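The structure appears right after this line, and notes come after that.
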Amino acid sequence: MKRLEATLYHLCRLLLGGLFLYAGLVKADDVGAFARDVANYRILPYGWNYLVAATLPYVETLAGLLLLVNRRVRPAALVLGGLTTIFMAALVSVIVRGLDIDCGCFDPGGEGHTPANMALLRDAGILVLIGLAGWLRGRRERQL
Amino acid sequence: MGTDWRRIVLEAAVIFFLGVALGLSFNFRLVMDAFTGSLPASPAGTEEASAPAGRYPVPVTLEEVRQLLDEGAVAIDARAEELYAEGHLPGALSLPLGQADALIDSVLRKVGKDAVIVTYCSGYGCPDSFDLGVRLLEGGWRDVRVFEGGFPAWRDAGLPVPEGGP
């Protein structure tokens, strides 16, 4: 049982870490295109789209790295959980307003077009994984 | 012995602000330009800067665009027609990049090859205005500028944005 739990924990954190590291790096690589993706949501004032585009990828990258190297896992998971919750709120507002935009989750300006409802579903899955990783980490720390 | 939430939240805040600081340090210029609505006239080290003169449209700032339009320059909106209809620069012509080849002659039939043309789209990071500018230069128009702040910079400066279709 303990081994199953350990495997599940490492699987969760590696998957999430790799996912956010990738998401952060591809967006940090093309801040301008990502800023346009953010602007497409039509939520933030003009300059703020660029502020988000300039900083968000680095937060994702940093937290993803921490998950990968198995350090500060719960704080990193909290950061990513908070971000994912905000993403989901933004996606809900996109659906409510009926905007047809790319979610801008990964490769900015890429060919892919992930509709908001699919992205929302995916984010919900990610949020579950984040919660699971944080919870399992807490259990491990208490057992030591 | 419960979860040490205070420590976790504190460390999460550190991670978050560290990431923000990193991002800002790498992209400080871009963010500043976005907030002040101006781009440096000749972005050093970019492809445009190293390209031979005359083949690429010249970037202009918000102030320069206002002055050029006052002096009779022609603004051309490279965005989709729906976006144009929701609001555009006063007097701008609509020429979406995707339809440029089909529409260029009819939209620009009254614009002389010596006219000053300013293209724009959805702001920094939107390449359409630049690409349209290149297309116009290839089409024989000699003085083409690109307003990289685009529609968002114009609107956020509180300048008039008339609505309506092309």
Side-chain angles (χ1 to χ4, degrees), chain A residues 20 24 27-40 42 44-67 71-83 86 99-101 104 108-109 134-135 137-139 141-144, chain B residues 1-39 43 46 62 79-80 82-83 86-87 121-130 148-159:
Chain A
F20 278 99
K27 284 182 291 201
D29 189 44
D30 197 349
V31 173
F34 180 43
R36 186 175 36 174
D37 287 342
V38 179
N40 280 341
R42 299 194 218 168
L44 297 169
Y46 176 65
W48 286 84
N49 294 315
Y50 286 86
L51 186 66
V52 168
T55 55
L56 178 64
Y58 289 86
V59 178
E60 287 184 312
T61 304
L62 191 62
L65 263 179
L66 287 170
L67 285 182
R71 295 278 185 280
R72 300 281 185 271
V73 167
R74 281 188 295 172
L78 183 61
V79 169
L80 295 178
L83 289 180
I86 295 169
L99 297 181
D100 177 29
I101 62 169
W135 178 68
R137 171 73 184 201
R139 278 175 65 95
E141 286 186 7
R142 279 192 290 277
Q143 282 164 2
L144 292 177
Chain B
M1 182 72 187
T3 312
D4 191 356
W5 280 106
R6 261 185 67 175
R7 182 182 62 82
I8 293 176
V9 170
L10 199 72
E11 288 180 0
V14 171
I15 294 170
F16 179 80
F17 285 109
L18 209 62
V20 169
L22 261 175
L24 278 181
S25 62
F26 279 110
N27 301 295
F28 190 69
R29 280 278 294 280
L30 178 77
V31 174
M32 285 307 289
D33 288 346
F35 272 97
T36 55
S38 65
L39 262 192
T46 62
L62 178 63
R79 302 173 302 159
E82 306 89 78
L83 290 172
E86 285 176 16
C121 52
S122 302
Y124 299 100
C126 166
D128 291 6
S129 54
F130 186 83
E148 294 183 299
F151 179 75
W154 180 275
R155 178 198 58 205
D156 292 353
L159 295 166

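Computed from a predicted model, the values in this text were never measured in an experiment. Chain letters run A, B, ... following the sequence lines, proteins first, then strands; residues in each count from 1.
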Under 4.5 Å from any heavy atom of chain A - which part of B:L18: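 Its backbone and side chain both get close to chain A.
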Exercise. Side chain, backbone, both or neither: which part of B:V14 has a heavy atom under 4.5 Å from chain A?
Worked result: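 When you check distances to chain A, no heavy atom of B:V14 falls under 4.5 Å.
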Chain B heavy atoms under 4.5 Å from [X]: which part of the residue, side chain, backbone, both or neither?
| X | value |
| --- | --- |
| A:R42 | side chain |
| A:A76 | both |
| A:L80 | neither |

Item to complete: State the CG-CG distance between A:L51 and B:N27, to the nearest 0.5 angstrom.
Response: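 It is 10.0 Å, given to the nearest 0.5 Å.
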Nearest-0.5 Å distance that lies between atom CZ in B:F17 and atom CG in A:L62
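Taking CZ in B:F17 and CG in A:L62, the distance rounds to 13.0 Å.
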Let me know which of B:L22, B:V31, B:L24 forms a side chain to side chain contact (heavy atoms under 4.5 Å, CB included) with A:T55.
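Only one option passes, and that is B:L24.
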Crowding at CZ, A:R137 (>12 non-hydrogen neighbours, <6.0 Å)
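Yes.
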From CA spacing to verdict: side-chain contact (heavy atoms from CB on, under 4.5 Å), B:E11, A:R74: CA-CA 9 Å; B:E11 288 180 0; A:R74 281 188 295 172; over 6 Å; no
Please name the pair of heavy atoms, one in A:V79 and one in B:F16, separated by the smallest distance, quoted to 0.1 Å.
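Smallest heavy-atom distance, with atoms named: CG2-N, 4.4 Å.
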- So which of A:A35, A:P75, A:A54, A:G32 has the biggest tally of heavy-atom pairs under 4.5 Å with chain B?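 Highest number of heavy-atom pairs under 4.5 Å: A:P75.
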